[in-house]
Number of protein chains: 2
Amino acid sequence: MNWVTGLQPQPIRRPGRATIEDVAAAAGVSVATVSRAIRGLPNVANSTRERVQRVAAELSYRADPAASRLATGRSQAIGVAVPVLNGWYFSNVVAGVEAVCTEAGYDTVVLGISSAEQRTRLIHDTDGIHRRIDGLVFVDVSYSEDELTGLADRHLHVVTIGVRSSVFPSVGIDDVEVGRLATDHLIELGHRRIAVLTGLAEDPLTFPVPLRRLEGYGIAHRDAGLAVDPALEVVGNFSVAGGYEAVNELLALDDPPTAIFAMSDEMAFGAIQLARERRIDVPRDLSIVGVDDHELSVMVDLTTIHQDVEDHGARAARMLLDGLSIDRPAPTRLEDPVHLVVRGTTGPPRAT
Amino acid sequence: MNWVTGLQPQPIRRPGRATIEDVAAAAGVSVATVSRAIRGLPNVANSTRERVQRVAAELSYRADPAASRLATGRSQAIGVAVPVLNGWYFSNVVAGVEAVCTEAGYDTVVLGISSAEQRTRLIHDTDGIHRRIDGLVFVDVSYSEDELTGLADRHLHVVTIGVRSSVFPSVGIDDVEVGRLATDHLIELGHRRIAVLTGLAEDPLTFPVPLRRLEGYGIAHRDAGLAVDPALEVVGNFSVAGGYEAVNELLALDDPPTAIFAMSDEMAFGAIQLARERRIDVPRDLSIVGVDDHELSVMVDLTTIHQDVEDHGARAARMLLDGLSIDRPAPTRLEDPVHLVVRGTTGPPRAT
DNA sequence: CTGAAAGCGCTAACAT
DNA sequence: ATGTTAGCGCTTTCAG
């Protein structure tokens, strides 16, 4: 009730912000009808629908997202959780996700998961995340199956990129094959001491992709009757600087490698840089193969394994959006083929 | 009404989702007190606040963001609008923004503004954006002052990165100085025919940064008593491929340049690549200077102009968040100093 | 096909 | 210091 009769009877309201009631009034129908008409629900006479839509357009009416979220329980937004936002791989994934989401009328909220603490908060809902988004795509941020099951139980829709999951759909590549492909290439060229630049030195659980690639690396060795030397496995953190440092270490070895399998092009770039500074001839004295087919690899003539990362993001988003209507989508796996792109940084070792 | 008496009498409610009423009941207080206690508002006895917070924690209660958004009108989310999401510059900006926002408890929603249509939709509220976010940072997506004023009138808080604005705060660098610095460096080395790789060939309004840098390029020439040759201004679209193509064109000229000022490192990378393929000696036959100080520039030994992009994003976010409480923040300009980093891709021209 | 009304969960007066 | 209650703007039975 308004006690101060006649004084500012209407609440302070931003001008131009038409509500559903305004539209209803202007169209001479009830708010329920407006809601139906606008969202394309059935049981609305065509003439009515038309009129309502016209009026809504005139008033440039848009349903308040918060209000409809409150009423429906859906936020029309999805989240994309990535360890780091800059960095070639992740920004491409995000780009793919965003494109699809925007197209579908969903907002894309980015969630940086750089620390273990952020990772925990996210999964344990300390963060209240699943009130803010309808679904989540995890990009190479990995959780135990138990944790994921927990999410599923709370009705959060998830798609993972990179790591595969037994509880949620996922898209990625065959990382074992990646490791095998790269290593095989090197072995075929005649290399016997092949170093590998891997990811973070953390709990394997948090990032299994390097492990899979390492597995492929191992398989290639085994198949060729070669033994792997643990000393040749160095952490490069998937960064240029990390790759640089890693190779620096490797070259200090008594018996340094003749070839390097870098699990990302960025690490390979770092490796190349160090080689240049040290005046090491690539590929004569050191062969280098990367993974990603970064747009700059062609520039440095890097042999690498191609994958279409932006497409991974797009496909993941599509899967997620499609799955939103189903209560528990099957944990399908979408696996993109990968292939080796041979360029100039790999060749036979000098002393073959 | 539930017709099947006795069956599932309570509404379908996700388990574990405590509401403010649950907390109130459990703590033996009213919902208003819970609200106050949890948000740290005054007028709550310490003992009460403690108890409420404890109970809330036990029930792992979190205010439903949609509900509070509806009640308060604030969404606790900010948007960051970028032309493209992959690409070194933009992903770094977004990373900076996200870090600050997350820290402050705000969600970061990314908005790709690749098409003119998306640009229009966003600004004209066809998108309903300002119901979804409290503030917006525009990253090198430029609008007329009129359009921006329109946004301000609708109480949308904005900070721009790159382009400066007379209506909203902005952070960036002195782009005229960037152009001058790069060009001067080349002129001092003795170059007289200096090409410039610019941005999009679109409406200047949509992207003034290249224009400012071009201005600096012009000033440097004028100060040195040199004339600029329009034929040496080529569009490179700020991409590696664009830079490659642009230089390809330049070299076809009757009187090709001896030096190139690329407005981004990525274009410079493309230029370097082409030079390599053509066996053009850099810097002997072609000097190249970029802008950004991309982490890979050191790798290709690129002379460039350094700027801290991630920091731009962080500062913009901070300004935006700080300004949220003020009705119309002053259009301050935060300008980061830039400096030339001389590396190996620039040197005196052969025929000095 | 359309309307009335009861929420959705929270905040913010206003009372006490 | 705490409680009551009226919205916020929309969706969704349920009635008609």
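- The nucleotide whose nearest atom lies closest to any side-chain atom of Ala45(B) is, among dC10(C), dG3(C), dA1(D), dA1(D).
- Within 4.0 Å (heavy atoms only), Asn43(B) reaches at least one base atom of the nucleic acid.
- Rounding to whole angstrom units, CZ of residue Arg69(B) and C1' of dC10(C) are separated by 13 Å.
- Both Gly28(A) and Leu70(A) sit near DNA chain C, but only Gly28(A) has its closest nucleotide nearer the 5' end.
- Comment: Arg69(B) does not engage Asp64(B) in a salt bridge, judged by the lack of any side-chain N to carboxylate O separation of less than 4.0 angstrom.
- Within 4.0 Å (heavy atoms only), Arg74(A) reaches no atom of the nucleic acid at all.
- If Pro42(B) and Ala67(A) are placed on DNA chain D by their nearest nucleotide, the residue sitting closer to the 5' end is Pro42(B).
- Side-chain atoms of Gln53(B) do not come within 3.5 Å of backbone N or O of Glu50(B) as any donor-acceptor pair.
- If you take CD1 of Ile38(B) and C1' of dT2(D), they are 15 Å apart, rounded to a whole angstrom.
- Ala63(A) comes within 4.0 angstrom of the backbone, heavy atoms only, and of no base.
- Checked by distance alone, Arg131(B) brings no side-chain donor or acceptor within 3.5 Å of a matching partner on the base of dG9(D).
- Here the nucleotide nearest the side chain of Ser35(A), chosen from dT12(D), dT2(C), dG9(C), is dT12(D).
- Here the side chain of Asp64(A) is nearest to one of dT2(C), dG9(D), dT12(D), namely dG9(D).
- If you take CZ of Arg17(B) and C1' of dG9(C), they are 12 Å apart, rounded to a whole angstrom.
- Comparing Thr33(B) and Ser68(A), the nucleotide of DNA chain D nearest to each residue sits closer to the 5' end for Thr33(B).
- The shortest side-chain heavy-atom distance between Arg17(B) and Asp22(B) does not fall under the 4.5 Å cut-off.
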Next on the checklist: side chain to side chain donor-acceptor pair (under 3.5 Å) for Arg333(B) and Ser170(B)? Distances and angles first, verdict last.
Outcome noted: CA-CA 5 Å; Arg333(B) 171 74 175 180; Ser170(B) 70; 2.9 Å; yes

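- Checking Ala71(A) against Ala71(B), the closest nucleotide of DNA chain C that is more toward the 5' end is the one next to Ala71(A).
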